[in-house]
Structure formats: structure tokens, C-alpha cells
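Input: a single structure, listed below in C-alpha cells.
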There are 2 protein chains.
Amino acid sequence: MRARDELKEEAIREEALKMIVEKGFDGLSMQKLAKAAGVSPATIYIYYKDRDDLIVQLWVHEMDKMIDATLKDFDPDAPFAEGLRVQWMNRARYSIENPLNSEFLEQIKHSPYHNVSIDKVDPRFLEAMQRFVHNGIRRKEVVKLPMEVYWSIAFAPLYNLVRMHMAGRGLGGRQPFVLDDKMLEQTLKLVIKALTP
Amino acid sequence: MRARDELKEEAIREEALKMIVEKGFDGLSMQKLAKAAGVSPATIYIYYKDRDDLIVQLWVHEMDKMIDATLKDFDPDAPFAEGLRVQWMNRARYSIENPLNSEFLEQIKHSPYHNVSIDKVDPRFLEAMQRFVHNGIRRKEVVKLPMEVYWSIAFAPLYNLVRMHMAGRGLGGRQPFVLDDKMLEQTLKLVIKALTP
DNA sequence: AATATAAGTGAACGAACATTCATTTATATT
DNA sequence: AATATAAATGAATGTTCGTTCACTTATATT
């Protein structure tokens with residue numbers, strides 16, 4: 001039998017990502033995607049059941065990559081401030097170096113597709129995060145908090161800064177905006193201040 | 001001459017909002033919208049130049065409502081912790097009481113439509129915010145920060161909690177999640193801790 | 001070299017799409 | 001009551017959509 005062409009598969013993912021980020025979900029047309037990826041429309045349906053399945057599988061794939069990047073050198077048993085810094089910097093670096101990939105994830109998260117994809121987060125990631133935070137609380141390095149509150153304070157500011165950095169504009173969109181290392185450090189410091197007793 | 005039917009206009013906005021939040025931007029069809037709003041497709045084009053214009057104008061309209069709600073009883077010259085609390089609670093209440101409206105705004109913010117709409121934020125709102133923060137810095141109630149960092153720490157956690165509350169599920173989507181007043185207070189307290197010297 | 005098998009294709013399908021247009025309807029002004 | 005005007009319409013426009021299907025192509029196995 002004939003083997004699958006990994007390059008085709010990758011091209012489809014790549015172009016789909018680009019189309020969605022640049023034109024939104026209503027800008028993703030299967031025929032245009034096929035043309036952009038250099039394959040026949042029918043080929044896409046070998047890999048994906050339908051358009052929705054393509055989007056959800058793409059999300060799973062990108063989420064995996066993001067999680068891998070975020071957890072690089074991360075040790076859930078490390079001291080809290082250190083562990084949080086590793087995750088922060090990993091995440092910031094990955095987002096800035098892979099703007100299409102991270103914008104796509106943000107776009108999904110704030111769209112109805114999220115209801116479908118949300119269940120598919122790697123449970124090992126959640127467990128690692130939970131252990132990390134509970135370690136911190138046990139050692140009195142972190143104030144006692146529901147996971148959702150912790151998460152919102154720890155990472156939502158980062159995501160927001162990254163989003164403005166991508167857009168190249170800050171609040172109200174009138175002024176240019178660049179997220180530099182100093183600002184990242186400054187924000188992280190304040191986040192740690194909020195979360196430590 | 002014949003007068004415009006305000007009810008029709010409102011019905012179009014209402015149904016468009018519902019369609020976008022429930023089915024995403026690719027779920028907004030002009031013909032389905034017309035049917036849902038009880039008007040002819042052609043009628044929509046009296047109010048809006050085209051589909052994109054409808055979405056952008058809808059954003060402007062909803063943004064106005066959100067800003068009005070957020071600034072209710074807000075005084076930019078009030079003490080920092082007090083002013084921030086007013087905005088927080090206003091915003092949280094409006095979002096929870098008007099889930100469609102606030103989900104729509106979040107959806108736009110994380111989509112390519114944001115590039116078009118971002119310039120249209122009411123400048124008076126931005127000026128009020130700027131004055132409020134600069135007041136705080138001047139009075140040494142707030143650490144010195146770029147507006148973008150301030151904003152990210154002050155509000156991104158709130159938006160994130162509200163989003164999970166809407167979805168009814170927390171991190172990873174496996175556990176139910178309800179944002180209650182206690183949690184809101186707890187988070188606000190930590191945010192203030194981060195932002196005050 | 002022959003064969004079986006799944007990858008890959010281009011053209012075609014009906015359905016749904018955004019938008020327009022000739023016409024009708026309601027009403028403020030006269 | 002007549003008139004002017006813009007609102008409102010339903011049907012129709014051509015286009016693009018997601019998806020399928022009969023067919024060809026490449027290759028791993030024999």
C-alpha cells in the first residue's frame with residue numbers, strides 16, 4: 001500500500017492555521033485550503049472527517065505543542081517562584097516565536113469551538129499543574145486558592161500582554177506596543193507578589 | 001416619509017448577537033439572521049452596508065453598553081482601591097447578567113475583526129482610565145507601571161474567571177465552576193495587593 | 001514482476017451564501 | 001386627500017461553499 005505523505009499533512013495544518021488566524025473561522029474554506037496546501041479538496045477528507053473535525057484536531061495538535069513548550073525544564077516539585085518563572089518564560093517565548101500557533105489557540109478558546117475541544121486537554125498537564133500549586137500551598141509559598149483563581153492571576157495577565165504584543169498595539173489600539181523582557185519580568189514580579197503570602 | 005422601526009433594528013442586533021455567540025462568526029448567515037429577526041434580508045442592508053459592517057457596528061454598540069456599565073458610579077479621582085473595586089464589580093455584574101453581550105465582545109477581541117474595531121473605542125474611556133491610574137501612581141497608591149501592564153494585571157484575571165463561569169467549567173473543563181462573590185472578592189484583594197506598593 | 005491496498009485526484013453535486021432589485025407599503029408633510 | 005419619500009419586502013442573482021465519487025497513482029508486500 002501507499003504511505004501517507006507527511007509533508008501534505010503538515011502543509012494542510014500550516015495553511016489552515018494561517019487562514020484561520022488571518023481571516024477568522026469564516027475565512028477557512030476547504031477549497032481554498034486545498035489550493036493553498038497544494039492538494040485536492042478530497043485529500044483533506046482522507047485526514048479529517050469534515051471541516052469541524054479539522055479544526056478540533058488542529059486544536060489538539062497545537063495544544064500539545066504549546067503544552068510541551070510550556071513544560072520544558074519545568075519541575076512541579078521545584079520552589080514556587082522558580083517553577084512559575086520557568087512556565088512564564090517558556091510560554092512567552094513560544095507565543096512570541098510562534099505567533100500564528102498561539103493566536104490560533106486564543107481564537108479557539110474564545111469561540112464556540114472551545115466547547116468541543118476543552119475536554120481534550122492532556123490530563124497529565126492538569127495533574128502536574130495541580131501538584132505544583134498544592135506543593136506551593138503546602139510549603140506556604142502560595143496563598144490558598146481555588147485552582148481557577150490561581151490560574152487567572154498567574155497567567156491571564158501574560159496572555160493579555162502577549163495578545164497586545166501580537167497586535168503591535170496597546171490599550172485602545174492607538175499607541176504602538178512591544179512586550180520586552182523588562183516588562184515581562186516586571187509583570188511576573190507583581191504576579192508572584194500577589195500569589196505569595 | 002416612513003420612519004425606521006426601532007424594534008426591527010433591535011431585533012436584528014439581538015439575533016445577530018445570539019447567532020454569533022452560539023455558532024461563531026461562520027454561523028452568522030444574513031438570510032438566517034433575517035428570518036430569525038423577522039425581517040427581509042434586504043432590510044438588513046438598509047441598516048448596514050454589508051455583513052462586515054454589521055459585525056463592526058454591533059461591536060461598537062456593545063462596547064458602548066459595556067463601557068457605560070463599567071463606569072457606573074466610577075470616579076477617576078477616587079482612591080485607587082475604591083475605584084478599582086467599583087469597576088471590577090460593575091464589570092463582573094454586567095458580564096454575568098448579560099452573558100451573550102460580554103461573550104460577543106470577548107469573541108471579537110480574540111478574532112481578526114478586532115483589527116478593524118479596535119480603533120473605535122471611545123477615547124474618553126481611555127482618558128478616564130489613564131487619569132485614574134496616574135492619580136494612583138502620583139498618590140503612591142499604585143506601583144509605577146506601563147498602562148498595558150496595569151491593565152493586564154488589573155482586569156485579565158477577572159475576564160478569565162468570567163469566561164470560565166460562562167462555560168460553567170473550570171480548568172480543563174472537567175469540573176463544574178461557578179464564580180461567586182467570595183471568589184471575586186478574594187481575587188480582587190490579590191490584584192490590589194499586586195498593584196499597590 | 002504481479003498484486004493488493006490505501007493515498008491521492010479533479011470534476012461535479014446540491015445547498016447555502018451575500019447581496020441586489022423591482023416593487024409595495026407606511027407615514028410625515030403638504 | 002394627495003404627494004413625496006424612505007422603509008421594507010420577496011424573489012432572484014451569481015458565487016462560493018462543504019462534500020462526494022469514479023478514477024488514477026504510488027508503494028509495501030508477495
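Since the structure is predicted, the reported quantities are computational estimates derived from the model, not experimental observations. Below, read A as the first sequence line, B as the second, and so on, with proteins coming before strands; counting in each chain starts at 1.
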Compare side-chain N and O positions of [X] against OP1 and OP2 of [N] and report whether any pair is under 4.0 Å apart.
X: B:T43; N: D:dT9; value: yes
X: B:Y45; N: D:dT9; value: no
X: B:K32; N: C:dC17; value: yes
X: B:Y47; N: D:dA7; value: no

[X] [atom1] - [N] [atom2] separation (whole Å):
X: A:I55; N: D:dC17; atom1: CD1; atom2: P; result: 14 Å
X: A:L33; N: D:dC17; atom1: CG; atom2: P; result: 11 Å
X: B:Q31; N: C:dA16; atom1: CD; atom2: P; result: 10 Å
X: A:I44; N: C:dA7; atom1: CD1; atom2: P; result: 15 Å
X: B:I46; N: C:dC21; atom1: CD1; atom2: C1'; result: 12 Å
X: B:K35; N: D:dT9; atom1: NZ; atom2: C1'; result: 14 Å
X: A:L7; N: C:dA7; atom1: CG; atom2: P; result: 16 Å
X: A:E9; N: C:dA6; atom1: CD; atom2: C1'; result: 14 Å

**Asked** So with a 6.0 Å cut-off around CG of A:D181, is the heavy-atom count from everything else above 12?
**Response**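 Counting other residues, nucleotides and ligands, CG of A:D181 stays at 12 neighbours or fewer.
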**Prompt:** Can you find an N or O donor on one side and an acceptor on the other, under 3.5 Å apart, linking the side chain of A:S40 with the base of C:dG8?
**Reply:**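 Answer is no: no donor-acceptor pair is held.
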**Request:** For A:A3, report the nucleic acid contact type (base, sugar-phosphate, nothing); a contact means any heavy atom under 4.0 Å.
**Result:**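 Sugar-phosphate: the residue A:A3, judged by heavy atoms under 4.0 Å, touches backbone atoms but no base.
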**Request:** Please work out if A:L28 contacts a base, only the sugar-phosphate, or nothing of the nucleic acid, heavy-atom cut-off 4.0 Å.
**Result:**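 Since only primed, P, OP1 and OP2 atoms lie under 4.0 Å of A:L28, the category is sugar-phosphate.
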**Request:** For B:K49 and for A:R2, find the nucleotide of DNA chain C with the closest heavy atom, then tell me which residue's nucleotide is more 5'.
**Result:**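 With B:K49 and A:R2 compared, the 5'-side residue is A:R2.
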**Prompt:** Can you check whether A:R13 reaches A:H61 side chain to side chain, under 4.5 Å on heavy atoms?
**Reply:** yes
Check every atom of [options] against the side chain of [X] and return the nucleotide holding the closest atom.
X: A:P41; options: D:dC17, C:dT9, D:dT20; value: D:dT20
X: B:R4; options: C:dC17, D:dA7, C:dA7; value: D:dA7
X: B:S29; options: D:dA8, C:dC17, C:dC21; value: C:dC17
X: B:K8; options: C:dA12, D:dA8, C:dA18; value: D:dA8
X: A:M30; options: C:dT9, C:dT20, D:dT19; value: D:dT19

**Message:** With a 3.5 Å limit on both atom pairs, tell me what D:dT30 is paired to, counting Watson-Crick and G-U wobble, or say none.
**Reply:**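 Its partner is C:dA1 (Watson-Crick or G-U wobble, both distances under 3.5 Å).
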**Prompt:** Given that both distances must come in under 3.5 Å, which nucleotide forms a Watson-Crick or G-U wobble pair with D:dT15?
**Reply:**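 C:dA16 - that is the nucleotide pairing with D:dT15, both distances being under 3.5 Å.
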Looking at every heavy atom in both [X] and [Y], which two are closest together, and how far apart are they?
X: B:E62; Y: B:N101; result: OE1-ND2, 2.8 Å
X: A:P112; Y: B:K23; result: CG-C, 3.8 Å
X: B:A154; Y: B:L84; result: CB-CD1, 4.2 Å

**Parallel, tilted or perpendicular: rings of A:F155 and A:W151 (30°, 60°)** =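 A:W151 and A:F155: tilted rings.
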